[in-house]
Asks: 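Input: one structure, supplied below.
As the structure lists them, so they are numbered: ligands from 1, and atoms in each ligand from 1.
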Amino acid sequence: MSHYQGLIHRYRQRLPVTDSTPIISLNEGNTPLIELHHLPKQWGFDGRILVKFEGLNPTGSFKDRGMTMAVTKAVEGGAKAIICASTGNTSAAAAAYAARAGIQSFVLIPDGKIALGKLAQAMMHGSTVLQIQGNFDDGMQLVQELAKDLPVALVNSVNPYRLQGQKTIAFEIIEALGRAPDYHVLPVGNAGNISAHWMGYSEATCQQTAACGLCHGQCPYHLEPLTTSRPIMVGYQAAGAAPFMRGAAVKNPETIATAIRIGNPMSWDLAWAAVKESEGWFDECTDADILATQKELARFEGVFCEPSSATSLAGLKQDLKRGKFKAGAVVVATLTGHGLKDPDTAIMQSEQPHQIAAEKGAISRLMEQYIR
Ligand code: AN7
């Protein structure tokens with residue numbers, strides 16, 4: 001076995017590929033599962049919290065898992081171009097994987113509401129960036145219509161190969177823990193990721209029989225189960241963009257967590273199925289709590305995720321206080337994207353640099369205030 005070559009190579013038996021499929025990969029996946037050492041205690045929790053840091057994927061978010069599959073299948077099918085609507089991370093991943101494949105990419109992004117790092121990525125990888133006067137939901141409508149009329153493959157998560165790639169996160173977590181967690185918490189925007197997590201956990205436990213109730217004997221992957229239990233799935237949304245809490249689409253979603261500024265999620269039914277079958281729940285967090293948690297994680301654990309990603313831990317913290325998690329439980333939180341994606345929001349909420357003379361005395365006097 002040579003070095004790690006990405007999640008399609010790693011999990012090819014559990015993915016819809018053949019030996020002749022031309023794999024388009026940037027060695028995505030295989031991200032670290034990091035145990036939190038300080039926040040569980042600070043939050044009064046006697047269980048374990050581990051974060052799956054998806055910010056360490058090649059373009060800095062979990063979108064690479066889905067994009068390696070979607071672009072691989074698009075190229076296998078002869079596509080010369082791909083298109084997506086995006087709040088930023090999907091566009092960065094689409095641009096990078098299209099570059100890798102040598103095909104054209106088009107990305108529709110909401111005017112002005114995308115984090116700077118993500119825009120830089122799409123531009124740098126040579127994507128044709130279309131900044132529309134509308135939000136993500138408007139863009140999603142448009143790309144579905146455009147992909148019908150033009151020879152471009154749609155690579156949003158309505159493309160089933162996206163969820164196929166993203167389901168591999170569950171396999172990695174089970175392998176790292178030696179079991180499934182008791183709870184899995186994650187942010188929910190367009191709702192593809194929670195659906196993919198549940199698909200992964202379900203396939204990992206599937207007994208390939210009607211009796212197991214998961215695939216009703218229909219599972220295409222005739223493999224030994226990886227584990228025996230599935231986690232309770234908990235999805236957290238930003239309060240200004242929480243259609244799952246309102247029970248209907250939200251017309252003008254607003255949140256500082258621009259990645260999940262989505263009012264009309266495409267995977268509505270799949271996400272509800274994940275939550276209901278696992279006996280989990282949805283809840284919402286304020287922007288203030290999201291930012292405070294992002295900072296706590298960076299400050300006390302050394303892990304820097306983007307605001308949307310911190311929504312998973314902001315929700316967890318809130319629901320621990322409400323006693324919604326069993327004592328002693330093992331909780332995994334997906335940190336969907338890297339903090340460097342959105343430098344503006346990070347700098348805005350942090351202690352500013354000290355403007356100081358290039359002079360030893362002045363600097364040491366300042367330093368003494370910090371050394372106890
Ligand atoms: C960091 O890039 O929808 O519930 O267009 O970038 O699967 O949509 C991003 C979504 C969470 C929500 N965290 O996942 C896009 C886009 C981050 C994200 C989500 C996104 P889904």
Side-chain angles (χ1 to χ4, degrees), residues 31 51-57 59-67 70 83-96 107-110 113-115 117-119 121-122 127 129 132 135-140 142-143 154-159 162-163 165-167 169 185-200 233-238 241-244 253 255-268 270-272 274-275 282 285 290 294 304-315 333-342 345:
T31 55
V51 295
K52 182 70 170 160
F53 193 18
E54 291 289 282
L56 293 183
N57 273 297
T59 78
S61 88
F62 73 96
K63 301 290 181 180
D64 295 342
R65 289 184 189 273
M67 207 54 74
I83 191 168
C84 65
S86 180
T87 57
N89 280 325
T90 302
S91 71
V107 303
L108 269 73
I109 55 170
K113 295 286 174 91
I114 152 172
K118 305 173 189 180
L119 181 61
Q121 289 177 291
S127 194
V129 180
I132 61 165
N135 61 25
F136 170 84
D137 303 301
D138 301 322
M140 196 60 235
L142 283 164
V143 293
L154 181 60
V155 295
N156 281 106
S157 55
V158 291
N159 177 329
R162 280 278 310 278
L163 301 198
Q166 286 172 213
K167 77 184 181 186
I169 190 171
V185 302
L186 77 166
V188 174
N190 210 23
N193 211 25
I194 190 170
S195 308
H197 277 64
W198 188 239
M199 188 189 295
M233 300 299 299
V234 185
Y236 292 115
Q237 301 213 278
F244 286 100
T255 168
I256 186 116
T258 52
I260 52 173
R261 186 170 164 266
I262 295 172
N264 186 19
M266 290 291 111
S267 297
W268 181 266
L270 285 174
W272 268 118
V275 161
F282 289 110
C285 317
I290 291 169
Q294 181 197 17
F304 185 21
C305 69
E306 65 173 286
S308 302
S309 311
T311 306
S312 55
L313 290 175
T334 307
L335 298 181
T336 45
H338 203 290
L340 290 172
K341 292 270 192 176
D342 191 353
T345 307

Asks: Only heavy atoms of Ser86, strictly under 4.0 Å: list the atoms of ligand 1 that pass.
Replies: 2 (O), 5 (O), 15 (C)
Asks: Can you find an N or O of Gly192 that's nearer than 3.5 Å to an N or O of ligand 1?
Replies: yes
Asks: For residues Ser308 and Ala259, report the shortest heavy-atom separation together with the two atoms involved.
Replies: OG-CB, 3.1 Å
Asks: Heavy-atom distances under 4.0 Å are what count here, so tell me which part of Ala259 touches ligand 1: side chain, backbone, both or neither.
Replies: both
Asks: Considering only heavy atoms of Val188, which atoms of ligand 1 have at least one such atom less than 4.0 Å away?
Replies: 4 (O)
Asks: Considering only the protein, which heavy-atom contact is closest to atom 8 (O) of ligand 1, and what is its distance?
Replies: Asn190 N, 2.7 Å
Asks: Which one holds for Ile262 and ligand 1: side chain close, backbone close, both close, or neither close, with close meaning a heavy atom under 4.0 Å?
Replies: side chain
Asks: Within the structure, does Pro187 bring an N/O atom to less than 3.5 angstrom of an N/O atom in ligand 1?
Replies: no
Asks: Give a yes/no verdict on whether any heavy atom in Ala191 is under 4.0 Å from an atom of ligand 1.
Replies: yes
Asks: Hey, are Arg65 and Thr31 close enough side-chain-wise for a donor-acceptor pair under 3.5 Å?
Replies: yes
Asks: Should Met266 and Asn156 be marked as a side-chain contact (heavy atoms from CB on, under 4.5 Å) after you check the CA-CA gap, both sets of side-chain angles, and the distance that decides it?
Replies: CA-CA 9 Å; Met266 290 291 111; Asn156 281 106; over 6 Å; no
Asks: I'd like to know if the side chain of Thr334 and the backbone of Leu186 have a donor-acceptor N/O pair within less than 3.5 Å.
Replies: no
Asks: May I ask you to list the atoms of ligand 1 that are less than 4.0 angstrom from any heavy atom of Phe136?
Replies: 5 (O)
Asks: List the closest protein heavy-atom neighbour of atom 13 (N) of ligand 1: residue, atom name, distance to the nearest 0.1 Å.
Replies: Thr336 OG1, 2.6 Å
Asks: Identify the heavy atoms of Gly66 and Gln166 that sit nearest to each other, and give their distance.
Replies: N-CG, 3.6 Å
Asks: Hey, mind stepping through Val188 and Ile260 against side-chain contact (heavy atoms from CB on, under 4.5 Å) and telling me if it holds?
Replies: CA-CA 7 Å; Val188 174; Ile260 52 173; over 6 Å; no
Asks: Does only the side chain of Ile260 get under 4.0 Å from ligand 1, or the backbone, or both, or neither? Count heavy atoms.
Replies: side chain
Asks: Identify the heavy atoms of Val129 and Ala122 that sit nearest to each other, and give their distance.
Replies: CG2-CB, 4.0 Å
Asks: Where on Lys63 is there a heavy atom closer than 4.0 Å to ligand 1, on the side chain, on the backbone, on both, or on neither?
Replies: side chain
Asks: Please list the nearest protein heavy atom to atom 6 (O) of ligand 1 with its residue and the distance rounded to 0.1 Å.
Replies: Asn89 ND2, 2.7 Å
Asks: Glu306 and side-chain hydrogen bond (donor to acceptor under 3.5 Å, both in side chains): which single residue from Lys118, Gln294, His338 fits?
Replies: Lys118
Asks: Taking distance alone, with no angle check, do Asn193 and ligand 1 share an N/O pair under 3.5 Å?
Replies: yes
Asks: With a 4.0 Å cut-off on heavy atoms, is Ser61 touching ligand 1?
Replies: no
Asks: Check each atom of ligand 1 against the heavy atoms of Thr87 and keep those under 4.0 Å away; list them by number with element.
Replies: 2 (O), 3 (O), 5 (O), 9 (C), 15 (C), 16 (C)
Asks: Is it the case that ligand 1 has an N or O less than 3.5 angstrom from some N or O of Gln166?
Replies: no
Asks: Check Met233 against Ile194 and note the closest heavy-atom contact, atom names and distance.
Replies: CE-CG1, 4.1 Å
Asks: Testing the basics here: between Phe282 and Ala271, what is the closest heavy-atom pair and its distance to 0.1 Å?
Replies: CZ-O, 3.9 Å
Asks: Trp272 vs Phe244 aromatic rings, parallel, tilted or perpendicular, using cut-offs 30° and 60°?
Replies: perpendicular
Asks: Main chain of Asp137, side chain of Asn135: is a donor-acceptor contact present, judged purely on distance under 3.5 Å?
Replies: yes
Asks: Write out the residue and atom name of the closest protein heavy atom to atom 20 (C) of ligand 1, then the distance separating them to 0.1 Å.
Replies: Phe62 CE2, 3.8 Å
Asks: Give me the atom names and distance for the closest heavy-atom approach of Leu154 to Asn159.
Replies: O-ND2, 2.9 Å
Asks: What protein heavy atom sits nearest atom 2 (O) of ligand 1, and how far off is it?
Replies: Thr90 N, 2.8 Å
Asks: Out of all atoms in ligand 1, which are within 4.0 Å of some heavy atom of Glu306? Include the element for each.
Replies: 1 (C)
Asks: Quick check: does Gly189 get an N/O under 3.5 Å from an N/O on ligand 1?
Replies: yes
